[in-house]
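This chain uses plain numbering: 1 for the first residue, then up along the sequence. The analysis underlying the following values was restricted to heavy atoms, covering all of them including side chains, and did not include hydrogens, waters or symmetry mates.
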Amino acid sequence: QVQLVQSGGGSVKAGGSLRLSCVISGFTYSSYCMGWSRQAPGKEREEVAGIDSDGSTHYAEFVKGRFTISQGNAKNTLYLEMTNLIPEDTGMYYCAAVPYLRGPCGVSFYPDDEWGQGTQVTVSS
């Protein structure tokens, strides 16, 4: 059974930094796409970043240059390093995993994908 367990997040002032983690278990695919999505109150979910088993990354325009997606050495932990945060980054952040290459990875995740439980990020001005 695949499980994605998230940690990190919290509240920061604008300009601050946070790191999100997502530990993935039961996921043993050589080809995959993993990433992060977020949902702000009253808004639709939007994709933030993705990384695939080839190491290719993709970022939404609104986080380019500020967020960095990476994996741990064992590839079972997904990270999202968020810097220079702005109030518009506030929302619930979810990690997602797909057991095949879906390119560009991080552009789209779907309800049937594997999801973490979500973690809140709040950025105040």
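The two residues Val12 and Ser17 have their closest heavy-atom pair at CG1-O, 3.9 Å.
Pairs engaging residues 55-65 under the side-chain hydrogen bond (donor to acceptor under 3.5 Å, both in side chains) rule: Glu61-Lys64 [sequence neighbours left out]. Each salt bridge (Lys or Arg N to Asp or Glu O under 4.0 Å) pair with one or both residues in residues 4-26, not counting sequence neighbours, would appear here, but there are none.
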In a table with atom names and distances, give each donor-acceptor pair under 3.5 Å that connects a side chain of residues 27-36 to protein atoms at least two apart or in another chain.
| from | atom 1 | to | atom 2 | distance (Å) |
| --- | --- | --- | --- | --- |
| Tyr32 | OH | Gln71 | OE1 | 3.3 |
| Tyr32 | OH | Gln71 | NE2 | 3.0 |
| Trp36 | NE1 | Tyr79 | O | 3.4 |

Would you give me the side-chain donor-acceptor pairs under 3.5 Å for residues 100-117, sequence neighbours excluded?
| from | atom 1 | to | atom 2 | distance (Å) |
| --- | --- | --- | --- | --- |
| Tyr100 | OH | Arg102 | NH2 | 2.9 |
| Arg102 | NH1 | Ser108 | O | 3.1 |
| Arg102 | NH1 | Asp113 | OD2 | 2.9 |
| Arg102 | NH2 | Asp113 | OD1 | 3.0 |
| Asp113 | OD2 | Tyr110 | N | 2.7 |
| Trp115 | NE1 | Tyr110 | O | 2.9 |
| Trp115 | NE1 | Asp113 | O | 3.4 |
| Gln117 | OE1 | Gln6 | N | 2.9 |
| Gln117 | NE2 | Gln6 | O | 3.0 |

Please report, to 0.1 Å, the donor-acceptor pairs under 3.5 Å made by any side chain of residues 81-92, with sequence neighbours excluded.
| from | atom 1 | to | atom 2 | distance (Å) |
| --- | --- | --- | --- | --- |
| Thr83 | OG1 | Arg66 | O | 2.7 |
| Asp89 | OD1 | Arg38 | NH1 | 2.8 |
| Asp89 | OD1 | Arg66 | NH2 | 3.0 |
| Asp89 | OD2 | Arg66 | NH1 | 2.7 |
| Asp89 | OD2 | Arg66 | NH2 | 3.4 |
| Asp89 | OD2 | Ile86 | N | 2.9 |
| Thr90 | OG1 | Pro87 | O | 2.9 |
| Thr90 | OG1 | Val123 | N | 2.9 |
| Thr90 | OG1 | Val123 | O | 3.3 |

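By the side-chain hydrogen bond (donor to acceptor under 3.5 Å, both in side chains) test, Gln120 pairs with Thr122, sequence neighbours left out.
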- [ ] Using the side-chain contact (heavy atoms from CB on, under 4.5 Å) rule, take Val121 and Leu18 through it: C-alpha gap first, then chi angles, then the decisive distance, then the call.
- [x] CA-CA 8 Å; Val121 171; Leu18 287 171; 3.8 Å; yes
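The distance from atom CG of Leu78 to atom SG of Cys95, rounded to the nearest 0.5 Å, is 6.5 Å. In this structure, CG in Leu80 is found 6.5 Å from CD1 in Ile69, a value given to the nearest 0.5 Å.
In terms of modelled atom types and a separation under 3.5 Å, the side chain of Ser21 and the main chain of Gly8 share no donor-acceptor contact.
Criterion: ILVMFWY side-chain heavy atoms under 4.5 Å apart, direct or through other members. Under it, Val5 and Tyr94 are not part of a common hydrophobic cluster. Hydrophobic cluster membership differs between Leu4 and Val98, with clusters built from Ile, Leu, Val, Met, Phe, Trp and Tyr side chains linked at under 4.5 angstrom.
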